[in-house]
Protein chains: 4
Amino acid sequence: MAREGLDGVNTNTIARAARVGVGTFYQHFEDKFALHRAIVQRALEGLQNSLAQAHQEADDRPLPDQVRAGVVALVGFAQAQPDLFRTTFGRSAAAARLNSKGRTAGLGLSARPLERRLRALLEEGELDPAIEPGIAARAFMDMQVRCVVHWIEDPVHEDPDALIRTITRLHPALVGQPLGGDVGLG
Amino acid sequence: MAREGLDGVNTNTIARAARVGVGTFYQHFEDKFALHRAIVQRALEGLQNSLAQAHQEADDRPLPDQVRAGVVALVGFAQAQPDLFRTTFGRSAAAARLNSKGRTAGLGLSARPLERRLRALLEEGELDPAIEPGIAARAFMDMQVRCVVHWIEDPVHEDPDALIRTITRLHPALVGQPLGGDVGLG
Amino acid sequence: MAREGLDGVNTNTIARAARVGVGTFYQHFEDKFALHRAIVQRALEGLQNSLAQAHQEADDRPLPDQVRAGVVALVGFAQAQPDLFRTTFGRSAAAARLNSKGRTAGLGLSARPLERRLRALLEEGELDPAIEPGIAARAFMDMQVRCVVHWIEDPVHEDPDALIRTITRLHPALVGQPLGGDVGLG
Amino acid sequence: MAREGLDGVNTNTIARAARVGVGTFYQHFEDKFALHRAIVQRALEGLQNSLAQAHQEADDRPLPDQVRAGVVALVGFAQAQPDLFRTTFGRSAAAARLNSKGRTAGLGLSARPLERRLRALLEEGELDPAIEPGIAARAFMDMQVRCVVHWIEDPVHEDPDALIRTITRLHPALVGQPLGGDVGLG
DNA sequence: AATGAATGAGATTTCATTCAT
DNA sequence: TATGAATGAAATCTCATTCAT
C-alpha cells in the first residue's frame with residue numbers, strides 16, 4: 001500500500017492506481033495528506049535506522065570514515081528506493097508541507113544529533129570556531145539530501161562515488177583537514 | 001505590481017490585492033505561473049547583479065574574502081526583501097515549479113559560474129581532489145540559499161554574523177584551510 | 001434496538017451504536033428509512049394505545065375531562081420517552097418523510113377518530129358550525145404534538161400544567177365553553 | 001432568481017435550473033443554505049407585511065374581524081405563491097433547518113406580537129385564564145401555517161372559506177365566544 | 001447469522017480563465 | 001484598456017449499501 005505516492009495527484013487517481021475504490025482509500029487514511037505523512041514517516045524511520053546503524057558500525061574508526069559511512073548509507077537508501085526517496089525529500093514534499101498546515105513538525109531528517117556532535121567537537125577545539133553548530137548541522141543534512149535528490153533525478157545518473165566523496169568532503173567536521181587527504185578513499 | 005506573490009493564493013485575490021480587476025491581470029500575464037516566473041526572474045536578476053558586483057569588488061582580495069562577499073550580498077538581499085526571497089526560494093517556489101510543467105529551466109540561482117571557478121582551482125591543485133566541481137557547486141549554491149531561507153523564516157531571527165561565517169566556512173574552495181583561520185573576519 | 005434514532009446520522013454510526021456490524025443492520029432493515037419507519041410505528045402504536053385507554057377511562061366523564069385526559073396521556077408519553085417523541089414528531093421526522101418517497105401514508109397520529117367525534121358533535125349542534133371537522137381535527141392533533149415537541153426541546157422545560165391546560169382549552173370541542181370554566185381543573 | 005427553491009436538491013441542479021453555471025451560484029450565495037435562507041427571509045418579510053397591513057386595516061373592527069383578516073391574508077399569500085409558501089413552511093423547511101446549524105433563530109413567523117396581544121387580553125379578563133399566552137400564541141401561529149400548508153398540498157384543494165372559518169374560530173382570543181356567533185361571516 | 005472492508009455514485013465547493021460590456 | 005460576472009472542469013470527501021468470509 002506504500003505507493004510511489006507523488007502528491008500533486010488527485011485522490012481518485014491515487015485510489016485507482018492502488019487498485020481500490022476511492023472510499024477504500026478514505027477508510028485507511030483520513031486525508032490525502034495523511035497518506036503522504038504515512039509514507040514519509042515510514043521512509044524516515046527506515047532511513048534513521050540505516051544511519052544509526054552505519055554510525056554505530058563505524059564508531060571506533062576515524063572521523064572521516066564515520067562521516068563517509070553516513071553518506072554511503074543515505075545514497076544506498078536512495079538507490080534502493082528512489083521513488084520513496086523522491087517523495088520524501090523531493091519537490092512534492094515541499095508542496096505537501098505547504099498544505100499540511102501546522103503538522104509539519106519533524107517532517108525531515110533531524111539535524112539534532114549532528115548538531116550535538118559538532119558542539120562537542122567545537123568544545124574540544126576540533127571544529128573551526130567560525131562554524132556555528134546549529135546552522136552547520138542543518139546546512140549539511142539539507143545539502144546531503146538535496147544532492148542525492150538531484151543525483152537521482154538526473155537522467156544521466158552517474159556512478160555514486162564522486163557524489164559520496166564530494167559530500168563527505170564538505171562535512172563541517174572535516175573542513176579543516178589538509179587537502180588531498182585520504183578522506184574519500186573508504 | 002510585483003506582489004509579495006505567494007503562490008497558494010488564488011488569482012482573484014492577487015488581482016484584488018493589486019487593486020486591479022481579474023481581467024486586467026490576464027492582460028499582463030498569460031498565466032498564474034507567468035506572474036510567478038516574472039517575479040522570480042526579477043528577483044534572480046537583481047540577485048545575480050548583487051553577486052556579480054560583490055565578486056567584482058572583491059576580485060583582487062584573497063579567496064576567503066571573495067567568498068564572504070558573495071554570502072554577505074545574498075544575506076543582505078534576503079534581509080532587504082524577505083518576502084521576495086521567500087517567494088523565490090522558499091517552499092512555494094518548489095510547489096510552483098511542480099505546476100509550471102517543463103518551463104522550469106534556469107529557475108534558481110545558476111551554479112555554473114561557481115562550477116567553472118572550482119574547476120579552475122582544481123586544475124591549479126588548490127581544490128581538494130575529492131571534490132567534484134559540478135556537484136559541489138550545486139551543493140553550495142543550494143545550501144547557501146536554504147540556510148538563508150531558514151534564517152528568514154526563523155521567528156527568532158538572530159544576528160546574521162554567525163550565519164555568514166558558517167556558510168562561508170563551508171564553501172568548497174575553502175575546504176582544507178587550517179582551523180581558526182581569519183576566514184570570517186571580513 | 002430502538003435507538004434514539006435521529007436521522008441525519010449515518011448508518012455506520014447507527015450500527016456501531018447498536019453494537020452490531022453494519023451488515024447485521026441490513027439484515028434487519030431493508031433500508032435506513034425502514035429503521036425510522038419501524039421506530040415511528042412502534043412509537044405511534046404505543047401512543048395510540050395510551051390515548052385510547054385514556055379516552056376509554058374518561059368515557060363517562062364530561063367532555064372537558066375527556067379532552068384533558070388525552071392531552072395528559074400525550075404529555076406523559078413525551079415525558080417518559082423524550083428522544084422517541086422527538087424522533088417521531090420532531091424535525092428529523094419531517095426530513096425523513098422527505099426521503100421515504102411515497103410510503104409516507106399514515107406516518108403520524110391519525111386525526112380520523114377526532115374528526116368523527118367532531119362531526120357527531122356538529123350534528124348534535126354542540127360544535128360551533130363555523131368549524132369544519134376534518135380541518136379542525138387535523139389542526140388540533142398537529143398543534144397538540146407541536147406544542148409538546150416545543151416543550152420538550154425547550155431547555156427551560158417548565159411544569160407541564162400550563163401546557164396541558166392551554167392545549168386542552170384550545171380543543172375545537174371546547175371552544176364555545178364560557179370563560180373561566182373548570183376545564184383545566186382535572 | 002428567487003427559485004421555487006426546494007431543498008433536498010443538489011447545487012448542480014439548482015444552478016442548472018436557474019440557467020447558470022455552478023460557479024455562478026456560489027458567487028451569489030455562500031452556501032446551499034444561504035439560498036434557502038434568502039428565499040425564506042424574503043417570503044417572511046412579504047408575509048409579515050401582509051399581516052401587519054391586514055391587522056392595521058382591521059384595527060377598529062371587532063376582535064373576530066381582526067383575527068379573520070389575519071387568516072385571510074395568510075391564505076391569500078399562500079394562494080398567490082404556493083411554491084414559495086411550501087418552501088418556507090413545508091417539510092423541506094424543517095429539513096433545511098436541520099442542516100443550517102445554529103442560525104435557525106427567527107426562521108419562521110414570529111409569535112411574539114400575538115403573545116403580547118393575548119397577555120393584554122388576559123389582564124383585561126377577556127382571555128380564558130386557562131390559556132398561557134406564550135404557549136397559545138406559538139400554538140396558533142404554527143397551527144395556522146400547518147393548516148394552510150396542508151390545504152395547499154391537498155390535491156383536492158377545496159374552497160378556502162371553510163379553512164378560514166375554522167382557523168379563525170380556533171383562535172385563542174375567541175375561545176369562549178358563544179357557539180354559532182357571526183365569527184366567520186366576514 | 002454476523003461481520004466490516006470495499007465500493008463508487010454523488011454532493012459540495014474552488015478557482016483559473018474567458019469574454020461581453 | 002479595464003473590468004468582474006460567469007463558467008465548469010476538477011478536486012475532495014461522504015455514506016448507503018453490498019458481499020465474500
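In what follows, chains carry the letters A, B, and so on, assigned in the order in which the sequence lines appear, proteins first and then strands, with residues in each chain numbered from 1.
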- [ ] Measure the distance from CZ on A:F25 to P on F:dT14 and round it to the nearest whole Å.
- [x] 12 Å
Task: Exam field: side chain A:N10 to backbone A:T13, donor-acceptor pair closer than 3.5 Å - done: yes
- [ ] Find the distance A:D31:CG to F:dT12:P and express it as a whole number of Å.
- [x] 10 Å
Protein-nucleic acid N or O pairs under 3.5 Å, nucleotides 18-21 of chain E:
none

TODO: In whole angstrom, give the distance that lies between atom CG of B:N10 and atom C1' of F:dG4.
DONE: 14 Å
- [ ] Looking only at side-chain atoms of B:T24, point me to the closest of F:dA2, F:dT17, E:dA2.
- [x] F:dA2
Task: OP1 or OP2 of F:dA2 under 4.0 Å from side-chain N/O of B:Q27 - done: yes
Task: pair A:F25-A:L35: side-chain heavy atoms closer than 4.5 Å - done: yes
Task: side chain to side chain donor-acceptor pair (under 3.5 Å): pairs with one or both residues in residues 16-26 of chain A, sequence neighbours excluded - done: none
Task: Presence of D:H28 side-chain N/O under 4.0 Å of F:dA5 phosphate oxygens OP1/OP2 - done: no
Task: Paired and unpaired positions of DNA chain E as dot-bracket, Watson-Crick or G-U wobble under 3.5 Å, | denoting a partner strand - done: .||||||||||||||||||||
TODO: Decide yes or no on side chain to side chain contact (heavy atoms under 4.5 Å, CB included) for A:N49 and A:F77, but give the supporting numbers first.
DONE: CA-CA 11 Å; A:N49 286 346; A:F77 187 91; over 6 Å; no
Open item on the list: The side chain of B:N12 is closest to which nucleotide in this list: F:dC13, E:dT17, F:dT7?
Closed with: E:dT17
- [ ] Taking only the side-chain nitrogens and oxygens of C:T11, find out if one of them lies under 4.0 Å from OP1 or OP2 of F:dC15.
- [x] no
Open item on the list: Out of the candidates C:V148, C:I152, C:V145, C:L84, only one should pair with C:F89 under the side-chain contact (heavy atoms from CB on, under 4.5 Å) rule; please name it.
Closed with: C:V145
